[in-house]
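Worksheet: the structure to be examined is printed underneath.
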Amino acid sequence: MTSADEIRQQFVDLVKQRDPDQPLFLQAVDEVVESLLPVFQKHPKYIGVMKVLLEPERLIQFRVPWIDREGNIQMNRGWRVQFNSAIGGYKGGLRLHPSVKLDTLKFLAFEQTFKNALTTLPMGGGKGGSDFDPKGKTDSEVRNFCQSFMTELYRHIGPNTDVPAGDIGVGGREVGFLYGQYRRITNTFTGTMTGKGATFGGSNIRPEATGYGTVYFWQNYMTWKGSEVKGQRVCVSGSGNVAQYAVEKLMQIGAIPITVSDSGGYILEEDGFTPEKLAKLMELKNVKRGRLSEFPAMSPSAKYIPGERPWGVKCDWAIPCATQNEISEENANALLKNGCKGVFEGANMPSTAEAITVYEKNNMAFAPGKAANAGGVAVSGLEMTQNAAKMSWKREQVDDHLQEIMKDIFENCVQTAEEYGLSGNLKAGANIAGFLKVADAMIQQGQCDAKL
């Protein structure tokens, strides 16, 4: 029988051979494969399925010319990675950031495939975006870019094929520009994008869903452990949509969020954020599009620490909501030293492999993003349902569905981990449960030979 280490190395070698210049994709694959080793040893047929699953069904790359404020033509590159549609049409966000490249989007689409499977909704995995940087651009420049981007992308998407949404750099403004261009070109009004405005098919709770959902997942964990959330001090990273609503929900349930961050540094509110302080943060980030360095002028109790991440602050729990690999091994050790009991990921793969090793060796709770932050795509799925039925649900109804979905995801992770002798390992439970749903669908549809 092939050993677990040999199976793991097979997949590492396969990815390195095919995509030697894609370290993020390799990192994501290795993290999932490590969790799946008990499955591969118990049911060797799934090794062949995974070899097929690792290759995206379709990669689309295109140029995006747009006109800047001076009337000059600028050029960016756009992508859509349609990774897997075994359980439903492709679903996943669009990211606009200068760091975006194919490697970034492949790892995100791979993670999205299993995340969507965990929601129980019929959605496959995809991701897209561009190396365009919306920071510092005028509204007209962002509109010009979005319209040019959609002029190419529209031919590859549709309500039953691929439904994009927002991500880093793509908020309500960008979704509006993108959807408006899609509607103009196709002469249709369909649910082909989610995260839309309330006036044109958007869902209640969608802006809040990822942040709220992450907190609901943590709340389910605390209930499972018989612990109280009230008074727990939580370090949050990021200051965009996910972080803002994670902070809001933490306050609502009695926890104490004490930090937010951006690329320049982090804010510490020693006594915790209040609704008034959060409103000022939202004004700074969402209206003024400013930097956190400006926040102390709006909140005298705030301390701004430049050039640092918030992981050196004493806390009970950490909810990273910024970007991939923001928690290093050094950061993880700092969290451990300062009393952090666990990490619940609001962002996609914010912990490095070395950081995860620190969590596991020291019995820190760890919930991967594909489970903990699945609330965003879950409510996107609910938005698609409302669009298809030509209905709009009340806020309370959507929130009830979101809470139910996050509870189901948590319980699925716990039960699956226990089934494979990995009690309490939320990472393994999430990876195994998500993989098995997709893999079984692929086998049943004849998309792969389970004997490979």
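Remark: the backbone N or O of Ser328 is paired with a side-chain donor or acceptor of Asn331 at under 3.5 angstrom. Side chain of Asn338 to backbone of Gly312: a donor-acceptor contact under 3.5 angstrom is found.
Counting heavy atoms from C-beta outward, Cys235 and Ile258 have side chains that approach closer than 4.5 Å.
Closest non-hydrogen pair, Tyr182 versus Thr190, comes out as CE2-OG1, 3.9 Å.
With respect to Asp30 and Arg8, a salt bridge is recorded, a charged nitrogen being found less than 4.0 Å from a carboxylate O. A salt bridge links Lys427 to Glu34: one of the charged nitrogens lies within less than 4.0 Å of a carboxylate oxygen. Between Lys341 and Asp316 there is a salt bridge, since at least one side-chain N of the basic residue sits less than 4.0 Å from a carboxylate O of the acidic one.
Ring centers of Phe295 and Tyr304: at least 6.0 Å apart, outside the cut-off.
Of the residues Trp66, Phe149, Trp79, the one that meets the ring-ring contact (aromatic ring centres under 6.0 Å, His included) test with Phe132 is Trp66. Of the candidates Lys407, Glu404, Gln403, Tyr216 forms a side-chain contact (heavy atoms from CB on, under 4.5 Å) with just one, namely Gln403.
Judged purely by distance below 3.5 Å, without hydrogens or angles, the side chains of Gln181 and Thr151 pair a donor atom with an acceptor atom.
Judged by a 6.0 Å distance limit and a 45° cone about the ring axis, Lys196 is positioned over the six-membered ring of Tyr179.
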